[in-house]
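What you see is a predicted model; the values in this text were computed from it and never measured.
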Number of protein chains: 2
Amino acid sequence: MRWDRGEGAQVASRGGRPRIGQVAALAGVSATTVSHALNGRRPVSEATRRRVLDAIEQLGYRPNVVARGLRAGRSLTIGLVIPDITNPFYPVLARGLQDVLGPAGYDEIVTNTNGERDLERHALDKMISRQVDGIAFAVFHTHADDLRPVIDAGIPVVRLGGRQALPGVDLVHSDDEGSAAEAARYLLRGGFRRIAFVCGPAAEGPAAERVAGYRAALAEAGFAVDPELIAHTEFSRAGGAEGVGRLLELPDPPDAVMCANDMMAIGAVDAARERGLRVPGDLAVMGFDDIEAASLVTPQLTTMANPAREIGRACARLLLERISGTVTGPSTEVIIPARLVRRQSA
Amino acid sequence: MRWDRGEGAQVASRGGRPRIGQVAALAGVSATTVSHALNGRRPVSEATRRRVLDAIEQLGYRPNVVARGLRAGRSLTIGLVIPDITNPFYPVLARGLQDVLGPAGYDEIVTNTNGERDLERHALDKMISRQVDGIAFAVFHTHADDLRPVIDAGIPVVRLGGRQALPGVDLVHSDDEGSAAEAARYLLRGGFRRIAFVCGPAAEGPAAERVAGYRAALAEAGFAVDPELIAHTEFSRAGGAEGVGRLLELPDPPDAVMCANDMMAIGAVDAARERGLRVPGDLAVMGFDDIEAASLVTPQLTTMANPAREIGRACARLLLERISGTVTGPSTEVIIPARLVRRQSA
DNA sequence: ATGAAAGCGCTAACAA
DNA sequence: TTGTTAGCGCTTTCAT
């Protein structure tokens, strides 16, 4: 052995970063005391604390969170597994998570899966390897099996979006049904009576919930739902235009139309104007999600804002509770209401 | 000591996660051999390797990256410090980083600073504490001092955006001057002769570069730059409208206008149409950045796409080179060209 | 081709 | 109030 180090091995570590031992040496105390002065798990005399803090300051010491994590069995890290951070919904979600996680001392590591199952599984494995303390998992097409390893590893998981509850996995999602109902009621209050709905190719997933809310609101107001007024089309601007085009051909066309998302609503406006209709005078249009463009097109879109940030926050809160053991019961489901953003199109 | 564990302490760790010792025991080899079978740093007989792999499979073993990192002195993590992931530029940047970092085995941890200096410093401290192997740092108002601790810690840093080179810090940014010149040349080729520029309140930062490129292109084509054709205004839709409004009042108004960003360009279109001008027939409009809305407004914006993803990739490459020591010289500057996105407005 | 043992930097018993 | 010692899970000399 090479004892060319000080007594007790208090020497600069890799990258010249000081370690706790150096601080201890400089302050004339043990590493333990430095540790406790830092995380206050045991009383330290005021005089000592000051000397320790001085030494820390002087050396520019920053505790090694990796070592701490290894020892403590927690990494103060949570994993965020999403399809693609480039999809505008997810950055807001990520920010919501950080709103809550940051102050609690947690950081998040983000992985994109492109919605591919292999990559999802791989991402989950990676999160286990990285000893994350919790996982926020935003995926729709996932088999419960894929989450097995994570659950077995005892890592709390919160699923974002989707509907079916997975055993042992909490769920946070927006209130699609309620929001659609609110949107429909809003149109009803505005005096519109033939309200159509332009939804996706198949009535499944969130879109189905939205249709359900629409039906519920009409029924509740005593209106029958004319099946002709539900148009299936693609989830795109062109799809929206096409769907609304068909609705406007009807013998008794709608005076308002709700779209499953904002892109479709933008297409709906295209179609209406193409036919010389004024929006919302001749045809009111409502979107869903409140994407950035919703306020930029003309007329600006009235829409239900997807509460991404709130979802992120709720997810983070849940995660922290699971991690701390505050909550231990069976899977929870948290439903976040969307917000009506009133603009010129309805 | 409690030797209520197997011989040599091969017992399930926290959360029931198997550790290397368990794999070793099951495969009938030492932990050392498992380690080598896994990262191939030394030959392992085919038979042994198979047994190890089987054991790993059977136990669902996943190496603890935290422990590995502590031992190896590298965390396989890079830190991304940005103002706000909610700003659409950054998610794309983050994705670009991951494009390169992911395959190299790195993950990224993201922090938002809201552009506040205190939070920036705090974020950097955190990154040191977390032992990241590199940092991508996207901030404009930063003193070189703030990066001192990181540099002292021997952590490679790449700055994103900004212009002035900081000692010891590589820089990656878009070619604002070149892009603006390209945009101007494009308009020139289109036959436009009185090309105006709507820029921000003060001519500094990227906006200044863009003005410079605009001037250069005009000069190169043998046109004088009429100072009247440079309008200073706010970086917003309203600002763009206002600036173009002023330009159109001129005795000899422009036939084309370049805007410092897309929001301003959208405002420019507003102003033109308000005055009954056709775009691009009577007034061609160019934007900058290619935000999502650029393709959604009518007419769609011709614009220079901010090469965020490419910037992210270049940054990641640089970081990996610095980490591996492939590159050791002085600070590098990488300039990424923007891409002309031709649409209906010019 | 394989093992034993030391140690990355820290915290938590256990002692004093 | 403080220190000593062991060990988190892994990789890496050094030895065989």
Side-chain angles (χ1 to χ4, degrees), chain A residues 1-3 5 7-15 17-25 27-52 56 59 61-76 128-131, chain B residues 1-3 5 7-15 17-25 27-52 56 59 61-76 128-131:
Chain A
M1 282 183 207
R2 32 188 166 68
W3 282 126
R5 354 173 96 197
E7 44 174 14
Q10 318 295 11
V11 134
S13 61
R14 260 170 297 230
R17 273 166 262 189
R19 359 185 226 132
I20 199 170
Q22 274 190 80
V23 175
V29 297
S30 75
T32 305
T33 297
V34 174
S35 172
H36 285 109
L38 233 37
N39 8 98
R41 293 199 192 278
R42 130 179 150 177
V44 170
S45 81
E46 197 40 45
T48 307
R49 151 170 292 112
R50 175 160 317 291
R51 291 214 316 289
V52 169
I56 287 176
L59 295 172
Y61 169 74
R62 281 162 191 88
N64 181 330
V65 173
V66 173
R68 178 182 287 177
L70 177 60
R71 177 64 236 238
R74 52 171 182 45
S75 59
L76 290 179
I128 299 177
S129 272
R130 284 189 174 268
Q131 310 292 109
Chain B
M1 282 182 207
R2 34 191 165 63
W3 281 127
R5 352 175 97 197
E7 44 175 13
Q10 318 295 11
V11 133
S13 61
R14 263 170 295 228
R17 272 167 264 187
R19 5 185 221 130
I20 199 169
Q22 274 188 81
V23 175
V29 297
S30 73
T32 306
T33 299
V34 175
S35 172
H36 285 108
L38 234 36
N39 9 93
R41 291 200 194 278
R42 124 180 154 179
V44 171
S45 83
E46 197 40 45
T48 307
R49 153 171 289 114
R50 176 161 315 292
R51 291 215 313 290
V52 168
I56 287 177
L59 294 173
Y61 169 73
R62 282 163 190 87
N64 181 331
V65 173
V66 173
R68 178 181 288 176
L70 177 59
R71 177 64 235 236
R74 53 169 182 44
S75 60
L76 289 179
I128 299 178
S129 272
R130 284 189 174 268
Q131 311 291 112

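A donor-acceptor pair under 3.5 Å links the side-chain atoms of A:Ser75 to the main chain of A:Gln131, judged by distance alone.
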**OP:** Show your reasoning for whether side-chain contact (heavy atoms from CB on, under 4.5 Å) applies to B:Arg42 and B:Thr32.
**Re:** CA-CA 10 Å; B:Arg42 124 180 154 179; B:Thr32 306; 3.7 Å; yes

**OP:** Please step through side-chain contact (heavy atoms from CB on, under 4.5 Å) for the pair A:Ile20 and A:Leu38, ending with a clear verdict.
**Re:** CA-CA 10 Å; A:Ile20 199 170; A:Leu38 233 37; 5.6 Å; no

**OP:** Decide side-chain contact (heavy atoms from CB on, under 4.5 Å) for A:Val66 and B:Arg130; before the verdict, give the C-alpha distance in whole Å, the side-chain angles of both, and the deciding distance to 0.1 Å.
**Re:** CA-CA 6 Å; A:Val66 173; B:Arg130 284 189 174 268; 5.6 Å; no

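In this structure A:Arg68 satisfies the salt bridge (Lys or Arg N to Asp or Glu O under 4.0 Å) test with no other residue, sequence neighbours excluded. Scored by the side chain to side chain contact (heavy atoms under 4.5 Å, CB included) test, A:Val23 finds A:Val34, A:Val52, A:Ala55, A:Ile56, A:Leu59, A:Tyr61 as partners (sequence neighbours excluded). Annotation: salt bridge (Lys or Arg N to Asp or Glu O under 4.0 Å) contacts of A:Arg49 (sequence neighbours excluded): A:Glu46.
Considering only the side chain of B:Pro63, D:dC10 comes nearest among D:dT1, C:dT2, D:dC10. Distances from the side chain of B:Arg41 to the nucleotides D:dT12, D:dT1, C:dA12 place D:dT12 closest.
In this structure, A:Leu70 places its CG atom 14 Å from P of D:dG7, rounding to the nearest Å. To the nearest angstrom, C1' of D:dC10 lies 13 Å from CD1 of B:Ile56. Atoms CG (A:Asn64) and P (D:dC10) sit 17 Å apart, rounded to a whole Å. Atoms CG (A:Leu76) and P (C:dG9) sit 19 Å apart, rounded to a whole Å. Taking atom CZ on A:Arg62 and atom C1' on C:dG9, their separation rounds to 16 Å, with Å as the unit. C:dG9 atom C1' lies 16 Å from atom CZ of B:Arg130, rounded to whole Å. Rounded to an integer number of Å, the gap from A:Arg17 CZ to C:dC10 P is 11 Å. The nearest whole Å value for the distance from the CD atom in A:Gln131 to the C1' atom in C:dC10 is 16 Å.
Across B:Ala24 and B:Ala31, no two heavy atoms sit closer than the pair CB-N, 3.6 Å. Considering every non-hydrogen atom in both A:Pro63 and B:Ser129, the closest pair reads O-OG, 3.0 Å.
At the phosphate of D:dC8, neither OP1 nor OP2 sits under 4.0 Å from any side-chain N or O atom of A:Arg71. B:Arg68 has no side-chain polar atom (N or O) that falls below the 4.0 Å cut-off from OP1 or OP2 of D:dC10. Checking the phosphate oxygens (OP1, OP2) of D:dT12, no side-chain nitrogen or oxygen of B:Thr32 falls inside 4.0 Å. Look at B:Thr48 and you'll find a side-chain N or O under 4.0 angstrom from OP1 or OP2 of C:dT2.
For the helix from C:dA1-D:dT16 to C:dA16-D:dT1, the terminal axes (five pairs an end, C1' atoms, rotation from four pairs onto the next four) enclose an angle of 40°, given to 10 degrees.
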Which atoms of nucleotides 14-16 of chain C (N or O only) lie under 3.5 Å from a protein N or O atom, and what are those distances?
none

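To the nearest 0.5 Å, atoms CD1 (A:Ile128) and CZ (B:Arg17) are separated by 7.5 Å.
You'll find the side chain of A:Arg51 reaches within 4.5 Å of the side chain of A:Val29, heavy atoms only.
Within the 4.0 angstrom heavy-atom criterion, only backbone atoms of the sugar-phosphate kind lie near B:Val44; the bases stay farther away. Using a 4.0 Å heavy-atom distance criterion, A:Val29 is classed as a sugar-phosphate-only contact.
Remark: A:Ser35, A:Asn39 in residues 33-40 of chain A come within less than 4.0 Å of DNA chain C through at least one heavy atom.
Of the residues near DNA chain C, B:Ala67 and B:Gly28, the one whose nearest nucleotide (by heavy atom distance) lies more toward the 5' end is B:Gly28.
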